[in-house]
Amino acid sequence: MSGQRDRGGYHRQRPPTPSSSAPNMSAADPSNVPDAASARSAVTDTSELVEARRAKLSAWRSQGIEPYGKRVEGLVGLAEARARFDAEVQAAYDEAVAAAKASSSSESVDDPRDRVRVAGRVMQHRDLGKLVFLSLRDHTGDLQATISKALVPADAFELAKRLDYGDIVVCEGPIGATRRGETCVWADRIELACKSLFPPPEKWHGLVDPEHRSRRRYLDLHVNPDSMRTFTARSRTISRIRRFMEDRGFLEVETPMMQPIAGGAAARPFTTHHNALDLELFMRVAPELYLKRLLVGGMPKVFEINRNFRNEGVDRSHNPEFTALEAYEAFGDSGTMMELTESLVHRLAVASAEDRRGEDRVRTGDEDGPILPFGDLDIDYRRPFDRITYEDLFERGAGFSCREIDRVRARAREIGIDEAKLDDWFVVNEVFEHDAEPCIDPARPTFVVDWPSAISPLTRAHADRPEIADRWDIFIGGMEVGPAYTELNDPDVQLERFEAQLRDGGDDEERTFRSLDRDFIDALRVGMPPAGGLGLGIDRLVMLLTDRASIRDVILFPLLRPASEAGVE
RNA sequence: GAUUCCGUAGCUCAGUUGGCAGAGCAAGCGACUUUUAAUCGCUAGGUCCUGGGUUCGAGCCCCAGCGGAAUCACCA
């Protein structure tokens with residue numbers, strides 16, 4: 001365990017204590033007798049494995065081989081190098097070599113095979129005496145390098161024999177195949193690009209402990225190709241979202257992550273402090289109130305893809321910092337945002353399915369898709385997505401209308417809700433979450449439309465039905481991926497809602513950090529055009545597109561408690 | 001924050017009723033020019049997460065703590 005190794009280092013660096021019986025116990029003095037603590041650490045750290053590698057490192061140095069190489073030109077990715085293999089050329093070459101051997105001609109045969117220069121991490125190392133096979137890996141894939149004693153200088157062959165798993169090498173030679181038909185680089189040059197000092201995970205089972213995989217993502221990425229694929233897919237998804245939004249005329253903007261008032265969502269914020277200004281600040285829980293100020297300023301369509309921070313629990317679909325797309329369109333409404341969201345999610349699904357064409361259970365757009373597996377589900381992203389009203393969904397789940405408030409309250413008591421002190425619509429929503437949300441088909445993206453105004457304080461109500469807000473939420477794969485609203489732009493109504501929120505919402509602890517964003521009200525008084533607003537959880541979207549069950553599998557460095565130093569003060 | 005489960009070699013994992021700490025891979029030395037988790041011989045490698053307790057004796061039982069996972073709670 002890393003904790004043990006770290007602790008070993010700690011012991012070695014710890015200055016002698018007054019009670020220590022041995023004088024001058026310092027790491028710099030190798031002659032001293034180790035005390036009990038350092039004797040233990042010498043046993044528990046990985047020094048034997050690391051020392052073997054260090055020994056090679058200094059051996060290379062003394063032979064004039066630099067173990068931490070330099071810039072390399074003209075590299076080809078391993079997948080690309082593999083693609084350059086030509087079986088016919090190889091066959092012709094084999095024949096020519098055989099013919100030359102048969103005629104015992106001393107003339108060398110011309111090699112028509114493509115030459116490549118590749119680099120990769122050593123993932124396998126098979127030494128057969130005068131022939132060494134290396135499995136190299138880069139972010140594009142794996143490729144074998146074959147080093148024959150007859151084809152390289154003695155020192156290069158010695159290097160190939162003595163390579164460790166995890167070392168990074170540069171090889172150059174014709175792309176060909178072995179007798180067993182494995183495509184490979186027949187290296188006639190091989191150089192060390194970087195010596196690895198770290199004992200790698202087991203080559204067959206790899207790194208499976210989820211804690212380990214997140215903490216040492218750098219290992220996870222090259223040991224588990226799935227992980228590299230997932231994070232590559234995440235990156236491509238985010239750039240596709242950018243392109244989509246830009247194509248539709250949205251301007252990407254950046255608004256403060258540190259805010260004097262954490263507004264835009266009812267979530268607990270993280271606090272921080274600016275020293276020079278002696279200012280208490282909050283990490284943002286949402287960019288909403290700043291993006292709307294930009295609509296006031298005259299930007300017609302804005303979006304931001306960035307981090308929100310919420311000081312809440314952690315589970316499979318929640319990380320304290322998460323990435324969201326938030327977008328606002330002047331003169332739009334929730335319907336505008338619905339069309340935009342459906343187009344965007346559909347396009348992302350089409351592109352992901354295309355990237356994963358041929359994979360089990362994946363159907364691309366031209367194969368009656370896109371359909372992408374997510375756990376046990378095969379999620380069908382074909383347009384149009386499903387739509388259902390909040391009230392209809394409630395009735396489907398509960399078996400009666402949410403307007404029958406006595407029955408709603410009775411049901412709430414049945415499922416253990418203390419309904420007496422809650423307003424009607426909050427009781428409705430408790431029953432909705434318990435009985436109705438599970439009725440949404442998880443294999444179909446579903447817009448749930450027309451939510452109660454009471455639980456949507458920043459949303460404009462329907463003109464003819466003030467109790468219903470012009471809002472929808474999209475659910476995919478059993479997760480809420482995001483909401484959209486027809487934004488409230490009446491400053492007086494907005495002020496009222498804020499004040500009601502401060503008065504009624506949340507507990508005492510929440511109220512201590514809530515305060516009213518008067519500048520935002522001022523902005524609305526200047527005048528914000530009617531607008532549609534959207535928020536989409538990018539991490540959850542990536543989970544769906546890459547079939548990962550946990551948000552920690554799609555965030556490169558998810559929040560974890562610091563590794564244990566238990567037992568060390 | 002609650003409950004349950006997990007923590008043994010660098011990695012992946014066994015460990016029986018409480019009775020000498022195990023395997024595979026990785027590592028070191030040696031053999032091998034067509035391997036594919038190469039193979040074969042030899043060698044070495046342990047704070048059984050930490051701290052207490054019970055016991056003649058604890059990896060195993062009990063208590064507390066640390067870390068993780070799952071479920072729940074929180075979560076516009």
Side-chain angles (χ1 to χ4, degrees), chain A residues 1-5 7-8 11 36-37 39-53 55-56 123-135 142 144 146-151 157 164-166 176-184 186 197-216 219 223 264-268 285-286 288 310-318 320 322 429 433 451-452 454-459 469 471 473 480 482-485 501 505-507 509-510 535 549-550 552 560-568:
Chain A
M1 298 282 285
S2 61
Q4 294 171 350
R5 184 166 45 254
R7 193 148 39 85
H11 278 299
R40 277 203 307 274
S41 70
V43 174
T44 45
D45 71 16
T46 56
S47 61
E48 275 182 57
L49 298 169
V50 173
E51 283 316 309
R53 286 162 179 259
K56 288 183 188 174
M123 303 305 288
Q124 304 273 352
H125 182 245
R126 290 181 289 275
D127 176 357
L128 272 73
K130 299 193 179 66
L131 193 62
V132 175
F133 300 101
L134 303 175
S135 294
D142 290 6
Q144 182 170 288
T146 310
I147 299 96
S148 164
K149 189 175 185 182
L151 296 177
F157 189 69
D164 286 318
Y165 290 57
T178 63
R179 254 179 239 163
R180 297 287 178 93
E182 178 76 25
T183 303
C184 70
W186 279 95
L197 296 178
F198 190 84
E202 208 263 350
K203 66 186 173 190
W204 186 240
H205 300 93
L207 201 59
V208 298
D209 177 11
E211 177 185 359
H212 233 118
R213 291 182 58 185
S214 308
R215 283 195 203 280
R216 297 191 185 271
L219 286 179
V223 165
R268 280 160 208 252
V285 293
E288 173 160 354
R310 297 189 180 176
N311 208 337
E312 286 149 8
V314 173
D315 66 29
R316 264 195 317 192
S317 57
H318 294 83
F322 63 98
N429 201 48
E433 285 178 5
W451 290 61
I455 58 171
S456 313
L458 298 180
T459 313
R471 159 192 171 186
D473 281 53
E480 186 188 351
Y485 311 92
Q501 233 182 345
D507 53 29
E509 190 193 337
E510 276 177 51
S550 168
R552 288 182 290 277
L560 293 172
R561 283 199 162 86
S564 168
E565 291 291 327
V568 176

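Within every chain, numbering begins at 1; the chains are lettered A, B, ... in the order of the sequence lines, protein sequences first and strands thereafter. Everything numeric here is computed off the predicted structure, so don't read it as measured data.
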In whole angstrom, what separates [X]'s [atom1] from [N]'s [atom2]?
{"X": "A:I455", "N": "B:C75", "atom1": "CD1", "atom2": "P", "result": "13 Å"}
{"X": "A:D127", "N": "B:C29", "atom1": "CG", "atom2": "P", "result": "11 Å"}
{"X": "A:E312", "N": "B:C75", "atom1": "CD", "atom2": "P", "result": "7 Å"}
{"X": "A:E288", "N": "B:A76", "atom1": "CD", "atom2": "P", "result": "13 Å"}
{"X": "A:D209", "N": "B:G68", "atom1": "CG", "atom2": "P", "result": "11 Å"}
{"X": "A:R268", "N": "B:A73", "atom1": "CZ", "atom2": "P", "result": "16 Å"}
{"X": "A:L49", "N": "B:A27", "atom1": "CG", "atom2": "C1'", "result": "5 Å"}
{"X": "A:E202", "N": "B:A37", "atom1": "CD", "atom2": "C1'", "result": "8 Å"}

Could you tell me which non-hydrogen atom of [X] sits nearest to which non-hydrogen atom of [Y], and how far apart they are?
{"X": "A:R552", "Y": "A:D315", "result": "NH1-O, 3.6 Å"}
{"X": "A:E202", "Y": "A:H205", "result": "OE1-N, 2.5 Å"}
{"X": "A:V285", "Y": "A:A265", "result": "CG2-O, 3.8 Å"}
{"X": "A:R126", "Y": "A:S135", "result": "NH2-OG, 3.8 Å"}
{"X": "A:V50", "Y": "A:L197", "result": "CG2-O, 3.7 Å"}

Using the [atom1] atom as the reference point in each nucleotide, state the distance between [N] and [M] in Å, no decimals.
{"N": "B:C60", "M": "B:U43", "atom1": "P", "result": "31 Å"}
{"N": "B:A27", "M": "B:A9", "atom1": "C1'", "result": "11 Å"}
{"N": "B:A26", "M": "B:A64", "atom1": "P", "result": "43 Å"}
{"N": "B:C42", "M": "B:C6", "atom1": "P", "result": "37 Å"}
{"N": "B:U47", "M": "B:G22", "atom1": "P", "result": "15 Å"}
{"N": "B:U17", "M": "B:C61", "atom1": "C1'", "result": "12 Å"}
{"N": "B:G30", "M": "B:G19", "atom1": "P", "result": "42 Å"}
{"N": "B:C40", "M": "B:C48", "atom1": "P", "result": "32 Å"}

So, OP1 or OP2 of [N]: does either fall under 4.0 Å of a side-chain N or O from [X]?
{"X": "A:R561", "N": "B:G67", "answer": "yes"}
{"X": "A:H212", "N": "B:C11", "answer": "yes"}
{"X": "A:R179", "N": "B:U33", "answer": "no"}
{"X": "A:K203", "N": "B:A38", "answer": "yes"}
{"X": "A:R316", "N": "B:U71", "answer": "yes"}
{"X": "A:R213", "N": "B:C11", "answer": "no"}

Please pick, from [options], the nucleotide with the shortest atom-to-atom distance to any side-chain atom of [X].
{"X": "A:E211", "options": "B:G67, B:A76, B:G28", "value": "B:G67"}
{"X": "A:L128", "options": "B:U34, B:G28, B:G10", "value": "B:U34"}
{"X": "A:K56", "options": "B:G28, B:A26, B:U36", "value": "B:G28"}
{"X": "A:R471", "options": "B:A37, B:U33, B:A76", "value": "B:A76"}
{"X": "A:E48", "options": "B:U12, B:A44, B:C75", "value": "B:A44"}
{"X": "A:T178", "options": "B:A27, B:C75, B:U36", "value": "B:U36"}
{"X": "A:E480", "options": "B:A76, B:U36, B:A70", "value": "B:A76"}
{"X": "A:S148", "options": "B:G67, B:G10, B:U33", "value": "B:U33"}
{"X": "A:L207", "options": "B:G68, B:U12, B:A27", "value": "B:U12"}
{"X": "A:L560", "options": "B:G68, B:C32, B:A27", "value": "B:G68"}

Checklist line | salt bridge (Lys or Arg N to Asp or Glu O under 4.0 Å) against A:K56, all qualifying residues, sequence neighbours excluded | finding: A:D164

[N] pairs with, by Watson-Crick or G-U criteria that keep both distances under 3.5 Å:
{"N": "B:A23", "result": "B:U12"}
{"N": "B:U47", "result": "none"}
{"N": "B:G41", "result": "B:C29"}
{"N": "B:C5", "result": "B:G68"}
{"N": "B:U54", "result": "none"}
{"N": "B:G18", "result": "none"}

Next item on the list: Record whether the side chain of A:H318 comes under 3.5 Å of the base of B:C75 through a donor-acceptor pair of N or O atoms.
Entry: yes

Checklist line | Polar pair under 3.5 Å, donor/acceptor by atom type, side chain A:Q124, base B:U36 | finding: no

Checklist line | Comparing A:V314 and A:F133 on RNA chain B - which has the more 5′ nearest nucleotide | finding: A:F133

Notebook entry, point to check: Which comes earlier along RNA chain B counting from the 5' end, the contact point of A:S550 or that of A:A265, where each point is its nearest nucleotide?
Noted result: A:S550

Using a 4.0 Å heavy-atom cut-off, does [X] contact any base of the nucleic acid, only the sugar-phosphate backbone, or nothing at all?
{"X": "A:A150", "answer": "base"}
{"X": "A:Y165", "answer": "sugar-phosphate"}
{"X": "A:G206", "answer": "sugar-phosphate"}

Check: So how far is it from A:R561 CZ to A:R215 CZ, rounded to the nearest 0.5 Å?
Finding: 10.0 Å

Check: Can A:T459 and A:R471 be said to form a side chain to side chain donor-acceptor pair (under 3.5 Å), step by step?
Finding: CA-CA 7 Å; A:T459 313; A:R471 159 192 171 186; 5.8 Å; no

Notebook entry, point to check: In chain order, what residues pass the side chain to side chain contact (heavy atoms under 4.5 Å, CB included) check against A:V208, with sequence neighbours excluded?
Noted result: none

